[in-house]
Amino acid sequence: MEEKQERKEEQQQKKTGFFDTILDRIGINEAPLFRTPDYMYNVSYWLGGLVAASFAYTVITGLILLLLYNPANAYQQTQTIINDIPYGAVILFSHLYGAYIMIILVYIHMFRNFFKGAYKKPRELQWVTGVLLLALTLGASFFGYSLVGDVLGINAVDIGSSLLVGTGFPGATTVVGWLFGPGIDAVQSSNPAVRAEFFSRILGWHIIMVALIGLLFAFHLMLAERYGMTPSAKEKPRVPAYYTKEEQEKFNPWWPRNFVYMLSLVLMTWGVILIVPDVLANLNSIVSLPIVINPFPAPQAFTPAANNVQPYPPWFFLFLYKFVDFLLPNGVPILPSMVIAVLIIGLVVLMLIPFFENSNLMYISSRKFWTWVMSLLAYSLVALSIWGYLYPGVPAPTNEQILVLGIPALILAVIIGLSDKFKRRKEKVPTPTQIPKITPTSILGTSVVTLLFAGSFGDFIIRPSLLGLFSLFPLGILVYHFVSKMVKAFSNNNNGGTVTYPITKKMAFVAIPVIFVITIFLFALFLELPSVGVQSTYAGIDLGVIFFLWGYAINLYHYLVYVKD
Ligand code: HEM
Ligand code: HEM
């Protein structure tokens with residue numbers, strides 16, 4: 001009996017030992033992976049990881065699509081993928097939204113790293129490679145979008161090639177030939193070999209760009225491992241901001257905590273990538289969705305149905321599309337060469353920010369000019385995209401440019417210029433008299449701005465106008481200011497200013513098995529749901545919810561096991 005027990009224990013030891021041995025052989029904890037302090041287990045420090053998660057998702061689904069795609073019959077084959085291939089709609093729609101979510105996350109990651117000062121010495125190369133990654137991500141998405149063969153993708157190629165040829169730069173036509181092969185005329189050809197020549201060229205570029213993203217990302221990540229993530233400015237206020245080897249010794253090793261945390265974020269990201277397009281695909285059968293967010297392809301290019309479709313670029317190039325509509329002060333349209341020049345110079349300046357801005361402190365207040373430039377860039381990308389969406393192809397005279405870009409640029413300059421004053425007030429330890437109180441004026445102020453905002457919003461919905469849209473921004477900021485003041489005042493009144501974490505460890509302990517049981521049911525449901533046709537998107541939503549819940553459960557596990565009370 002005892003012998004048996006001993007053998008059992010020995011076997012068990014061997015089992016755990018085996019797993020540990022593998023990790024030991026890999027050298028996971030000796031590898032030069034950075035160690036992470038407790039306060040960095042916050043999603044803003046892992047945004048790059050989220051970008052990488054969406055990249056990995058698009059690569060996996062992209063490789064499956066590669067097996068199914070047919071360049072000689074791009075549009076019909078895409079319809080076949082959606083309607084006849086098991087889970088084809090789920091794979092294609094989530095590939096598209098994987099790319100969309102990746103683009104949004106890349107921008108958030110970039111702006112966050114700017115405002116955090118993460119581009120400063122010694123991370124300059126991370127920033128430079130980052131800007132290249134941004135350009136490649138947009139490029140890969142552009143070529144992917146054109147692979148479908150619908151009127152939008154083909155129009156996008158048409159606009160892109162006209163813009164390049166229109167610059168009149170020597171060699172522009174040759175470059176267009178390299179990029180688009182026989183060009184969009186080939187799409188109408190009755191000869192499948194000619195059609196295939198065009199779509200194979202686009203597919204080639206799509207894959208080349210993705211491969212370049214992979215290579216560059218490896219380098220980008222290597223640098224991230226070399227210096228670790230940028231510490232909070234409170235801990236390291238001066239450049240170069242990184243933890244020394246000795247300091248790192250006190251922190252959490254990569255295995256297992258970083259792995260657990262990262263896994264939870266990856267699964268949640270994948271969940272969102274699956275849920276959003278599949279929900280939209282179903283919504284589309286109730287209300288016709290705007291073309292820019294619709295996961296279904298638009299009508300086939302060069303067919304009668306395509307004639308009714310407004311030529312739109314993909315949403316991530318709407319800003320550029322509006323810029324092309326700009327009129328110069330003398331009323332003449334902006335030249336393609338100017339558009340391309342502004343774009344290239346803009347990208348180069350963005351890339352070189354770490355070399356232009358090399359102040360010694362990590363705080364935003366020590367680099368006001370560049371903070372203004374980057375805030376204006378973020379604002380302009382959003383404003384131009386909305387403008388391009390609402391008024392596609394409508395010429396934009398100088399007075400409108402001043403209204404949409406000039407005035408907000410001035411407002412931003414004033415806010416950033418005065419930001420020190422707000423900051424100083426914030427930095428002081430709040431005494432009881434400084435804790436916001438609910439006063440008759442604050443109630444009146446909140447009511448007035450909220451009503452104004454609601455009124456303008458309602459008005460804008462009924463009668464959309466540019467002025468209406470841009471008046472919503474300052475009103476929105478005022479609403480935020482007043483409402484957040486009220487919320488602070490309320491929370492101070494109720495619990496003396498202490499913030500209590502809503503999910504207790506006990507609840508997390510119960511929630512994990514509950515989630516596990518729910519996902520078993522969801523998986524059973526998955527097997528019952530239709531696998532072919534647009535209805536397979538139900539299964540896509542189901543799978544997305546399973547991924548998301550598992551990610552959430554692992555997040556709770558991380559909270560339960562690693563977060564100190
Ligand atoms: C090895 C990696 C990849 C491969 C082999 C691949 C392959 C493909 C293929 C074959 C299509 C055409 C699908 C069809 O219309 O039937 C496609 C579409 C697309 N791809 Fe990729 N892809 C990859 C990675 C990526 C990445 C990383 C992105 C984004 C950065 C991306 C963005 C897109 C987009 C936006 C579409 C259009 C989808 C639609 O409109 O429904 N792809 N891809
Ligand atoms: C395909 C696009 C990209 C991917 C996959 C990616 C991935 C990553 C990853 C995994 C990290 C490690 C820290 C973290 O998880 O946030 C990181 C850090 C960093 N990335 Fe990116 N990135 C991309 C694009 C960019 C862009 C567009 C920029 C800026 C222009 C940028 C600048 C940086 C910087 C400065 C850091 C250091 C952050 C710190 O020290 O806290 N990256 N990136």
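It should be emphasised that the depicted structure is a prediction, and the values quoted were computed from it without experimental measurement. First listed ligand is number 1; within each ligand, the first listed atom is number 1.
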So which heavy atom in the protein is nearest [atom], and how far is it from that ligand atom?
atom: atom 2 (C) of ligand 1; answer: Val210 CG1, 3.5 Å
atom: atom 28 (C) of ligand 2; answer: Gly130 CA, 3.4 Å
atom: atom 40 (O) of ligand 2; answer: Thr230 OG1, 2.6 Å
atom: atom 38 (C) of ligand 1; answer: Leu96 CD1, 3.8 Å
atom: atom 27 (C) of ligand 1; answer: Thr58 OG1, 3.2 Å
atom: atom 31 (C) of ligand 1; answer: His206 CE1, 3.2 Å
atom: atom 16 (O) of ligand 2; answer: Gly48 N, 2.9 Å
atom: atom 36 (C) of ligand 1; answer: Gly144 C, 3.3 Å
atom: atom 3 (C) of ligand 1; answer: Gly62 CA, 3.7 Å

Checking contacts here: is it the side chain or the backbone of [X] that comes within 4.0 Å of ligand 2, counting heavy atoms only? Could be both or neither.
X: Lys116; value: neither
X: Arg112; value: side chain
X: Ala224; value: side chain
X: Leu221; value: side chain
X: Tyr45; value: backbone

Within a distance under 4.0 Å of any heavy atom of Ser141, pick out the atoms of ligand 1 and give their elements.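 Close to Ser141: 29 (C), 30 (C), 35 (C).
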Between Tyr100 and Trp315, is the ring centroid distance below 6.0 Å?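 Ring-ring flag for Tyr100/Trp315: true, centres closer than 6.0 Å.
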What I want to know is whether [X] and ligand 2 share at least one N or O pair that is separated by under 3.5 angstrom.
X: Trp127; answer: no
X: Phe217; answer: no
X: Gln126; answer: no
X: His109; answer: yes

Examine the proximity of ligand 1 to [X] and report which part, side chain or backbone, both or neither, has a heavy atom under 4.0 Å away.
X: Ile81; answer: side chain
X: Tyr69; answer: side chain
X: Phe93; answer: neither
X: His95; answer: side chain
X: Val148; answer: both

Do the ring planes of [X] and [Y] sit parallel (below 30°), tilted (30 to 60°) or perpendicular (above 60°)?
X: Tyr312; Y: Tyr321; result: tilted
X: Tyr119; Y: Phe114; result: parallel
X: Phe115; Y: Phe111; result: parallel
X: Tyr562; Y: Tyr557; result: perpendicular

Could Arg195 and Tyr75 be counted as a cation-pi pair, given that NZ or CZ must be under 6.0 Å from the ring centre and within 45° of the axis?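 The answer is no, since Arg195 fails at least one limit relative to Tyr75.
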Within the structure, does Tyr145 bring an N/O atom to less than 3.5 angstrom of an N/O atom in ligand 1?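 It does not: no N or O of Tyr145 is found under 3.5 Å from an N or O of ligand 1.
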Contact check: Thr78 vs ligand 1, nitrogen or oxygen atoms, below 3.5 angstrom: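 Such a contact does occur with ligand 1.
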Between [Y] and [X], is there a side-chain donor-acceptor contact under 3.5 Å, judged purely by atom types and distance?
X: Asp38; Y: Asn252; answer: yes
X: Arg257; Y: Thr36; answer: no
X: Thr230; Y: Lys236; answer: no

Below 4.0 Å from ligand 2: does a non-hydrogen atom of Met102 turn up there or not?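 Yes, Met102 has a heavy atom closer than 4.0 Å to ligand 2.
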Ser54 (side chain) donor-acceptor with Leu50 (main chain) under 3.5 angstrom: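 At least one qualifying donor-acceptor pair exists.
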Shortest heavy-atom approach to atom 12 (C) of ligand 1 - which of Ile60, Asn70, Leu147: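 Minimum heavy-atom distance to atom 12 (C) of ligand 1 goes to Leu147.
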Looking at residues at least two apart in the chain, or sitting in another chain, which of them share a ring-ring contact (aromatic ring centres under 6.0 Å, His included) with Tyr69?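 ring-ring contact (aromatic ring centres under 6.0 Å, His included) list for Tyr69, sorted by chain: empty.
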